Amino acid sequence: MELCRQKRIFNARNRIIGGDTEAWDVQVHDQKIKEATEKARHETFAAEMRQNDKTTCILEGRERRDRKNLCKAINDFRQNFQKPETRREFDLSDPLALKKDHVPRQSDNDVWNTVSGMQRFMGEDLNFRERKKFQEEQNREWSLQQQKEWKDARADQKCAEDFYVQTRLQFDETAKHLQKLENATRRAVCAAVKEFNKTQATESAERKSLEKKQEQEDNLAEITNLLRGDLLSENPWQATSSFGPHRVAPDRWKGMTRDQLEQIRLCQKQQVQEKLRLQEEERLRDRLWDRQRVEHARATLLLERQGQRQQRELRRALDGSNLGLAKEQLLQKKYMKEVYTNHPTEEYFAQFNTRSR
């Protein structure tokens, strides 16, 4: 039971003593609701962004296709209806004008007579009426064609602008709808948080009231126990431990008695005397070791001096022996030199052999 109680108290992961589990569960539930709402809002924004990207891609592709078709139509029109040969001033910049040149005007119907040739002037040709009518008809056709192209271009531009406006209005409506949803979600979350805070405040006030009441009861019980207990009554037997008479309870112990203090002082004096005795023995032992070390060093020094004296005597004896041998050898050399100079060789060798024998 004690081990189970320690696990419940000292295990910080599973300990719920003093905590409000219901409030924790409510907080966890609210947090999950908030996370789910945030996730749904993010998913809605992501879907809307994907739809917007797809619409933008379609519009850009359509705009590129329209621009391409317009450029193609302009190029086709230029190739078909605006050739250099159909221009009124082409004869002034025709590179093959000299090759195409003919003889001067032969008749009024000669089409090769240009203005620069000064063979036919404006209003003096025979086909003035037909030519003027043809030019007016041609100008009218060109004007009508340009007006039609301009109206078509304006219609395409207006269609594109209307589509862009409709797309922007649709985006604005979607943004307003999302903003309304976000505001509603925020209001719901604020209301839930407000209600939760109100509940928490009520529970906290009730819990504080109960704790205060319990604290007052505990203080009254503690005061009663202290007044009636052995702590303030100075009862020396209250410190007796349940593990034996030689042990005491530290939280209720009032100090030692005089006999116990005298016994402790006596024990301390004995320890001091024992320590002094051991120190004296150690000092005598160190003195004995110092005396032995000094005597050993003195004996070693005497032996070294005696060995040095013996070496000097041996050296002196060896030097005397060497000196005697040197003198004897010198005398022998002198004698041999005198014999060699005064006697023949045979007599010298005979005498030397006789001396040697």
Side-chain angles (χ1 to χ4, degrees), residues 12-14 16 19-84 86-87 138-205:
R13 186 180 294 276
N14 299 325
I16 61 175
D20 192 354
T21 56
E22 295 180 357
W24 294 344
D25 295 337
V26 171
Q27 290 179 359
V28 171
H29 181 66
D30 293 341
Q31 185 67 23
K32 289 182 179 179
I33 292 174
K34 185 177 180 181
E35 291 178 356
T37 306
E38 289 292 332
K39 185 177 180 181
R41 187 167 65 85
H42 288 310
E43 290 178 355
T44 305
F45 278 126
E48 190 66 26
M49 289 176 66
R50 288 195 295 271
Q51 183 66 25
N52 296 338
D53 292 340
K54 187 181 295 183
T55 305
T56 305
C57 292
I58 293 172
L59 292 176
E60 289 179 356
R62 184 175 297 175
E63 184 180 357
R64 287 195 299 270
R65 186 168 61 254
D66 294 341
R67 190 183 296 108
K68 183 178 179 181
N69 293 332
L70 181 61
C71 292
K72 184 177 180 182
I74 292 172
N75 291 329
D76 293 339
F77 177 78
R78 289 174 179 174
Q79 291 292 333
N80 296 327
F81 301 101
Q82 292 182 351
K83 294 181 179 180
T86 61
R87 298 176 183 173
Q138 189 176 12
N139 290 332
R140 188 176 65 84
E141 291 292 335
W142 287 350
S143 177
L144 292 176
Q145 187 176 2
Q146 290 178 356
Q147 291 178 4
K148 183 180 178 181
E149 291 177 356
W150 183 78
K151 289 180 180 179
D152 293 339
R154 289 290 298 174
D156 295 338
Q157 184 178 2
K158 185 177 181 181
C159 182
E161 290 178 355
D162 294 339
F163 183 76
Y164 176 76
V165 170
Q166 291 178 1
T167 306
R168 292 302 304 172
L169 290 175
Q170 186 179 1
F171 288 166
D172 294 339
E173 291 293 333
T174 306
K176 288 172 63 178
H177 179 64
L178 292 176
Q179 188 174 5
K180 289 180 180 179
L181 290 177
E182 185 178 2
N183 292 332
T185 304
R186 188 181 292 108
R187 285 194 296 270
V189 171
C190 292
V193 172
K194 184 177 180 181
E195 187 65 25
F196 175 74
N197 292 334
K198 185 177 179 181
T199 306
Q200 287 285 71
T202 305
E203 293 179 357
S204 178

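Keep in mind it's a predicted model, so treat the numbers as computed, not measured.
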- Lys/Arg-Asp/Glu bridge criterion (N-O < 4.0 Å) met for R186, E182: yes

- Message: For the CZ atom of F77 and the CD atom of Q146, what is their distance to the nearest 0.5 Å?
- Response: 6.5 Å

- So Q145 and K148, side-chain contact (heavy atoms from CB on, under 4.5 Å) or not? Walk me through it. CA-CA 5 Å; Q145 187 176 2; K148 183 180 178 181; 5.7 Å; no

- Message: A quick test of your reading: do over 12 heavy atoms of other residues, nucleotides or ligands sit less than 6.0 Å from CZ of F45?
- Response: yes

- Item | Separation between CZ of R64 and CG of N69, rounded to the nearest 0.5 Å | 13.0 Å

- Note on the structure: d(L70 CG, K72 NZ) to nearest 0.5 Å is 12.5 Å

- Query: Less than 4.5 Å apart, any side-chain heavy atom of Q157 and any of E161?
  - Reply: yes

- Q51 CD to T56 OG1 distance, which is reported to the nearest 0.5 Å: 9.5 Å

- Donor-acceptor contact below 3.5 Å, side chain S143 vs main chain N139: no

- Task: Step by step, work out the side-chain contact (heavy atoms from CB on, under 4.5 Å) result for D66 and D156.
- Result: CA-CA 9 Å; D66 294 341; D156 295 338; over 6 Å; no

- Message: Let's go through E63 and L59 carefully: what are the C-alpha distance in whole Å and the side-chain angles of both, what is the deciding distance for side-chain contact (heavy atoms from CB on, under 4.5 Å) to 0.1 Å, and is it a yes or a no?
- Response: CA-CA 6 Å; E63 184 180 357; L59 292 176; over 6 Å; no

- Item | Atom pair SG (C190) and CG (N183), whose distance is rounded to the nearest 0.5 Å | 10.0 Å

- Message: Using a 6.0 Å cut-off, check whether atom CD of Q170 has over 12 heavy atoms from anything other than its own residue.
- Response: no

- Item | Separation between CD of E43 and CZ of R41, rounded to the nearest 0.5 Å | 12.0 Å

- Around atom CD of E35, are there more than 12 heavy atoms of other residues, nucleotides or ligands at under 6.0 Å? yes

- Assess whether side-chain contact (heavy atoms from CB on, under 4.5 Å) is satisfied between K198 and K194, documenting all intermediate values. CA-CA 6 Å; K198 185 177 179 181; K194 184 177 180 181; 5.7 Å; no

- R140, CZ atom: more than 12 neighbouring heavy atoms under 6.0 Å: yes

